[in-house]
Amino acid sequence: MKASLRWLSRHIDLSGLTPETIANDLTLSTAEVEGIERFAPATSDVVVGHVVSRERHPDAEKLSLCRVDVGAGSGPGEALQIVCGAPNVAAGQKVAVAKIGTKLPGDLTIKRSKIRGVESFGMICSARELGVGDDHDGIWVLPENAPLGASVASALALEDFVIEIDNKSLTHRPDLWGHRGLARELAAIYERRLRPLDLAPPATGSGAAYPVAIESPACTRYVALVIDGVRAGRSPEWLRHLLLAVGQRPIDLFVDLSNFVMLDLGQPNHVFDRHRLDALGAGRGIVVRAARASAAETIRTLDGVERKTTPADLLICAGDAPVALAGIMGGDDSKVAPESEALLLEVASFRATTIRRTSSRLGLRTDSSARFEKALDPHLPLAAAGHFARLLQSIAPGVRFPAKPTDVGVWQDPTTTIELRAERVRSALGKPLPASEIRGILERLEFGVEATSVETAGETFRVRVPSFRATKDITMEQDLVEEIGRIHRYGNIAEAPLTFTIAPPARDERRRLVRHLQDRLAGGGRFRENLSYSFIADALLEKLGASDEPHVRVINPVHQGESRIRRTVAPSLLPALEANRRHHTDVRLFEIGKAYEPEASDARGEPRERHYLALAWAGSRPNPKTARWDGSRLQKLQAVVEDLVASFGLARGTWTKDGNPPRWAHPGKSLFLALPGAPHAAAVVAELEPGLAPKLGLAGDLDSEVAVAELCLDALLSAERRGSAYRPLPRYPGIKVDVAVSVPEATRAGELVALVESAGKGQVVDVELFDLYRGKSIGEGRKSLAFHVLLQSDARTLTDQDEQKFLQRFEKLVTEAGGELRKA
Amino acid sequence: MTAEDTLQQARERIGACADPGALKELEREYLGKKGAVAAMLAEIPKLAPQARKADGQRANDLKQALQALFDERGAALATTKLDALLRADDFDPTLPPPRALRGGLHPITQVTRELEDLFTSMGYEVLDGPEVELDHYNFEALNISKDHPARDSQDTFYCDDAGRLVLRTHTSPVQVRAMEKRKPPFRVIAPGRVFRQETTDASHDHTFYQMEGLVVGKDISVAHLIGAMKTLLRGMFGRDLEVRLRPGHFPFVEPGFELDARCPFCEAGCSVCKRTTWIELLPCGLVHPNVLRAGGIDPEVFSGFAFGLGLSRLVMLRHGIDDVRHLLSGDLRFLEQF
Ligand SMILES: [Zn+2]
């Protein structure tokens with residue numbers, strides 16, 4: 001919304017206030033001002049000149065050679081010689097002259113120049129060049145009485161500033177969509193009076209009122225005024241300039257006046273050609289109704305577009321013929337013809353939601369629809385009609401109003417009364433405002449205020465909300481608190497500390513776990529935390545072969561093929577591997593996030609929410625000749641996960657192969673961590689499914705060894721904690737024994753660990769695998785595993801004999817299991 | 001060999017010895033159990049008694065002289081070795097150390113933690129809320145009815161045709177969820193991810209982060225809100241920043257404000273503050289009575305304030321990030337900078 005200060009000055013005396021002050025005060029008390037601009041700044045730099053003589057340019061038929069007097073002591077003899085190309089320049093005219101050195105819009109500086117051999121000492125300007133119109137017919141001819149040598153801006157009273165107010169900060173204020181409303185705010189802010197404005201309809205003849213029938217509740221009031229005896233012509237300059245200042249292109253008197261009334265009072269209105277209405281509607285008058293479902297009605301709007309309607313749309317019809325899309329745009333068929341002297345002014349009230357829906361469905365937003373969407377004061381139509389008529393009368397005294405305005409419709413006065421407690425205002429604002437100030441502010445905003453009773457000693461008021469504020473904005477006591485606060489200025493309220501009885505918040509295990517995982521991974525694990533979108537691309541799901549999995553979906557995605565919300569987090573990390581592997585040999589990412597399972601929705605329809613930690617670790621493949629037996633990325637990631645779980649204080653879990661591998665996992669190389677107390681596997685660690693790697697771009701130079709893990713935070717939180725009791729240090733030294741066994745390839749390491757423990761008869765306190773070897777010395781189809789074993793007893797110091805007994809038992813067990821104890 | 005000859009010979013050999021190991025060997029040869037001096041002493045009992053004393057004296061003198069020679073040479077060799085170590089000619093101070101692989105937290109996490117720590121230190125509770133949210137909490141309970149124009153401008157991702165389920169457009173739904181489970185007074189914050197159905201560009205993404213704050217109690221006022229926001233800014237920028245509250249309209253607060261802070265990056269206007277010297281930082285206000293009621297709290301007895309802070313925007317401001325889409329790009333070259 002643009003507001004002109006000159007326009008505002010029609011309603012309030014703004015003397016002594018700079019544009020910056022006004023902008024700042026509006027921002028702090030009313031709505032955000034986004035900028036201040038000078039209107040047509042070039043008009044301040046050009047001066048009024050008098051064309052003393054005009055001759056044809058000796059060498060160019062279309063150019064004129066003018067002598068222009070620009071005052072400032074220069075007599076006729078000293079007038080400037082200016083070459084001018086405009087066809088309408090003539091001797092005796094007053095014109096706008098840009099002298100040498102003047103800067104015009106578009107980075108044009110006037111210089112002394114030679115045009116076809118003749119020197120020129122300035123330029124005679126068009127209105128368009130000065131930003132005050134778009135006339136194409138040549139130079140701007142100024143009024144004869146314009147004072148010679150004065151700046152055009154001052155001579156024509158064009159000096160103006162335009163402030164631009166953020167429309168979003170006006171959505172709840174229908175009253176601020178016109179200059180009158182803004183002036184009312186300024187009056188309250190500066191404690192000045194609004195100038196009176198007579199909005200009563202002018203005297204009319206006693207003819208029959210124009211027939212109007214309202215057939216839809218979406219139109220609550222319709223005022224129609226018959227106007228005769230005046231044709232559309234050029235509007236007076238003051239009107240054109242005010243419209244230009246706020247960015248509205250002047251068209252002709254009726255369009256301009258219609259716009260002026262809308263921008264002045266905030267009430268849209270429309271002028272029809274009455275002869276055309278009568279012809280289209282066979283003289284049956286105006287009918288306001290919903291568009292018909294069966295007829296598939298169309299209307300050609302003023303912009304020339306044929307528009308299809310639906311029964312949700314409201315139409316203004318002449319008889320049965322649609323002539324306007326109510327509240328949005330007039331029809332092409334009923335627009336005012338240049339020669340017409342028979343007009344009908346429409347000023348109406350429409351239901352805000354109806355206008356908003358039609359406007360947004362058609363993608364047709366106009367100055368009119370923007371205002372109707374805000375729920376306008378139903379008092380406005382008659383006032384706006386009166387305003388229009390009186391302005392027209394002052395411009396075209398010959399105008400006739402043969403009949404009283406038609407005024408039909410069923411509407412309610414929105415004016416309400418709210419009880420206001422001064423104490424409430426004070427406690428909400430946190431400032432002890434006196435009741436008199438509370439009352440004063442409300443009265444300045446045109447609220448009616450009266451004390452409810454003597455008993456309340458002027459502390460409780462009945463506040464009457466004026467209709468222009470009551471349509472949607474002000475409905476309760478808190479709304480009045482805002483009025484008082486903003487005019488008093490929030491900046492005048494001192495800060496106050498909160499006082500509470502502080503109890504430490506309950507321990508938040510989930511947050512503690514999240515922080516633990518983040519810190520552990522970013523620190524020792526050397527992983528980078530990533531955050532990715534919750535949307536998961538159809539293309540990725542297809543690569544994973546997971547398109548069949550149920551997902552929460554949005555029905556209006558921003559990107560095609562990205563409508564699904566992830567149900568686990570690990571897949572989100574996969575697309576990042578390729579791009580990062582291009583510049584990193586070692587890529588370690590983790591992400592903690594939410595995921596949703598729609599098939600497990602609760603009674604209210606909320607999908608089950610789970611929290612996951614996903615880890616992805618990719619790097620170049622190790623050289624099989626030099627790689628250590630324990631160097632696979634899968635094992636390293638498994639170690640990372642074990643560390644995360646153990647360091648959070650959870651009881652030791654067991655790794656198994658019994659589980660349902662996720663789609664990204666190599667089914668033969670997946671490990672599941674079962675934790676005591678957790679209802680399901682708390683973690684899965686796996687190698688990337690080998691068929692998936694090339695689909696993710698991890699092939700050729702980017703061929704990678706990838707391990708991925710996913711931990712369910714919900715499972716971790718339900719898992720048992722490790723006991724926190726201290727374990728006494730061993731009283732007797734232990735014996736370290738190294739054993740190496742050769743076994744068939746099929747024997748699992750875990751089986752051997754079990755044998756070690758069994759052979760130890762309770763004396764084994766630690767078993768650590770330290771070598772895994774395959775080779776000629778072991779034999780085809782066999783492998784050798786070597787363990788450090790620690791034997792220890794609480795009762796005594798173990799001896800060589802104990803070691804020997806252990807080795808004998810172990811050898812027996814190994815042999816039974818098809819293995820062989822290797823002697824050192 | 002006379003004692004003098006032995007000493008002379010030993011002196012030469014010791015002087016020529018440059019290796020501590022060889023010196024030890026040599027010392028054993030002269031002074032060991034089977035060494036030259038021991039052999040000499042072994043001869044003494046066989047001598048005539050009158051010669052014994054003088055020979056014994058001579059052997060002892062020799063032993064002491066030799067010991068002194070060995071000690072002196074040993075010390076000299078140790079010094080030479082230490083000198084060589086200290087010289088360190090082969091040390092190249094410009095040789096690059098092995099690259100340290102570093103992990104790290106996402107900048108959103110970093111700023112979230114700072115704020116969580118700040119607020120928990122003031123007795124606020126940190127809450128979490130669902131990202132796939134019921135329409136009821138995202139809109140209805142926040143005083144945004146089905147017909148409210150804010151619904152159009154909220155650019156909502158809808159999860160079903162009936163519009164029962166949405167991706168939350170703000171962290172504000174946590175307000176009502178918090179009220180349902182608590183009795184005033186309480187104070188909570190709720191950081192998290194939110195969604196807007198809008199075309200993405202350098203300054204807009206459809207997914208970003210916010211932090212909601214809510215305080216409910218008796219007589220909570222605008223003055224308290226101003227105080228809390230100043231404290232927040234102090235924590236965020238480490239110094240006092242001038243703030244201003246101006247009217248702002250949001251359906252779930254009344255009165256509602258936009259809080260601007262003096263641009264921390266300039267004194268006379270810069271590109272961050274668009275030359276205004278003010279940065280629009282957060283919307284806030286007193287909780288609307290309808291929202292309190294939706295949360296089961298009597299607005300006649302209690303009042304509260306709420307605010308919403310844009311965490312993504314804060315991260316961008318702090319690090320001068322010019323494209324919001326970097327935040328969720330998964331690009332290590334970006335993540336490694338924090
Ligand atoms: Zn700045």
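Order of the sequence lines sets the chain letters (A, B, ...), proteins ahead of strands, with each chain counted from 1.
At a 4.5 Å heavy-atom cutoff, A:Ala579 makes no contact with chain B through either its backbone or its side chain. Proximity to chain A is limited to the side chain of B:Leu286, based on heavy atoms less than 4.5 angstrom apart. Contacts of A:Pro575 with chain B are absent, with no heavy-atom separation under 4.5 Å from either backbone or side chain. For A:Arg489, no part lies under 4.5 angstrom from a heavy atom of chain B. With a threshold of 4.5 angstrom between heavy atoms, A:Thr27 approaches chain B through its backbone and through its side chain. Neither the backbone nor the side chain of B:His136 has a heavy atom closer than 4.5 Å to any heavy atom of chain A. With a 4.5 angstrom heavy-atom cutoff, B:Phe250 does not touch chain A via any of its atoms. Interface residue B:Phe186: only backbone heavy atoms are found under 4.5 Å from chain A. Proximity to chain B involves both the backbone and the side chain of A:Asp519, based on heavy atoms less than 4.5 angstrom apart. Of the two parts of B:His206, only the side chain, counted from C-beta on, holds a non-hydrogen atom closer than 4.5 Å to a non-hydrogen atom of chain A. The contact between A:Glu609 and chain B is made entirely by side chain atoms (from C-beta outward), counting heavy-atom distances below 4.5 Å. Both the backbone and the side chain of B:Leu105 come within less than 4.5 Å of a heavy atom in chain A. A:Ser29 touches chain B through its backbone: at least one of N, CA, C or O sits under 4.5 Å from a heavy atom, while the side chain does not. Interface remark: B:Leu167 contributes side-chain atoms only to the contact with chain A (heavy atom separation under 4.5 Å). Contacts of A:Ser534 with chain B are made by both backbone and side-chain atoms, with heavy-atom separations under 4.5 Å. Both the backbone and the side chain of A:Arg528 come within contact range of chain B, judged by heavy atoms closer than 4.5 Å. Using a 4.5 Å cut-off between heavy atoms, A:Asp508 contacts chain B through its side chain alone, with no backbone atom that close. Both the backbone and the side chain of B:Glu300 come within contact range of chain A, with heavy atoms under 4.5 Å apart. Heavy atoms of B:Met229 lying under 4.5 Å from chain A are absent altogether. Only the backbone of B:Leu127 comes within less than 4.5 Å of a heavy atom in chain A; its side chain stays farther off. Within the 4.5 angstrom heavy-atom criterion, atoms from both the backbone and the side chain of B:Leu101 approach chain A. If you measure heavy-atom distances from B:Val215 to chain A, the contacts under 4.5 Å come from the side chain alone. For B:Arg102, the parts lying near chain A are the backbone and the side chain together; criterion is any non-hydrogen pair under 4.5 Å. The part of A:Leu589 that comes within reach of chain B is its side chain, from C-beta onward, which places non-hydrogen atoms under 4.5 angstrom from that chain. Heavy atoms of A:Arg581 lying under 4.5 Å from chain B are absent altogether. Heavy-atom distances place both the backbone and the side chain of A:Tyr533 under 4.5 Å from chain B. Both the backbone and the side chain of B:Arg113 come within contact range of chain A, judged by heavy atoms closer than 4.5 Å. Contacts between A:Leu531 and chain B at a heavy-atom distance below 4.5 Å involve backbone atoms as well as side-chain atoms.
Taking the six-membered ring for Trp and the full ring otherwise, B:His326 and B:Phe334 have centroids separated by under 6.0 Å. Residues B:Tyr124 and B:Phe307 keep their aromatic ring centres 6.0 Å or farther apart. Taking the six-membered ring for Trp, B:Phe157 and A:Phe535 have ring centres closer than 6.0 Å.
Looking only at heavy-atom pairs under 4.5 Å with chain A, the residue among B:Asp219, B:Leu332, B:Leu327 that has the most is B:Leu332. Between chain B and the residues A:Glu606, A:Arg486, A:Glu477, A:Glu591, the largest count of heavy-atom pairs under 4.5 Å involves A:Glu606. Contact count versus chain B (heavy atoms, under 4.5 Å) is highest, among A:His583, A:Gln478, A:Arg515, for A:Arg515. Contact count versus chain B (heavy atoms, under 4.5 Å) is highest, among A:Val554, A:Asn556, A:Asn530, A:Leu498, for A:Asn556. Contact count against chain B (heavy-atom pairs under 4.5 Å) is highest for A:Met476 among A:Lys374, A:Glu483, A:Met476, A:Lys431. Between chain B and the options A:Asp586, A:Ile565, A:Ile493, A:Leu28, the largest number of non-hydrogen pairs under 4.5 Å is found for A:Leu28. Note: B:Ser221 leads B:Gly256, B:Gly227, B:Ser221, B:Gly248 in heavy-atom pairs under 4.5 Å with chain A. With chain A as partner, the option from B:Thr199, B:Thr207, B:Thr120 having the largest number of non-hydrogen pairs under 4.5 angstrom is B:Thr207. Per-residue counts of heavy-atom pairs under 4.5 Å with chain B were compared for A:Ala428, A:Gly430, A:Ala576, A:Ser427; the largest is that of A:Ala428. Contact count against chain A (heavy-atom pairs under 4.5 Å) is highest for B:Asp205 among B:Asp260, B:Asp205, B:Val188. Looking only at heavy-atom pairs under 4.5 Å with chain A, the residue among B:Gly123, B:Gly285, B:Pro185, B:Ser329 that has the most is B:Pro185. The candidate from B:Glu198, B:Lys274, B:Arg187 with the greatest count of non-hydrogen atom pairs under 4.5 Å with chain A is B:Arg187.
The existence of a salt bridge linking A:Arg426 and A:Glu423 is confirmed by a sub-4.0 Å separation between a basic side-chain nitrogen and an acidic carboxylate oxygen. With respect to the salt-bridge test (charged N to carboxylate O, under 4.0 angstrom), the residues B:Glu131 and A:Arg566 do not qualify.
With sequence neighbours excluded, the residues satisfying side chain to side chain contact (heavy atoms under 4.5 Å, CB included) with A:Ala614 are A:Val569, A:Ala570, A:Leu573, A:Glu710. Applying the salt bridge (Lys or Arg N to Asp or Glu O under 4.0 Å) test to B:Asp135 and every residue at least two apart in sequence or in another chain returns B:Lys146, B:Arg151.
Around the CZ atom of A:Arg604, the shell of radius 6.0 Å holds more than 12 heavy atoms that belong to other residues, nucleotides or ligands.
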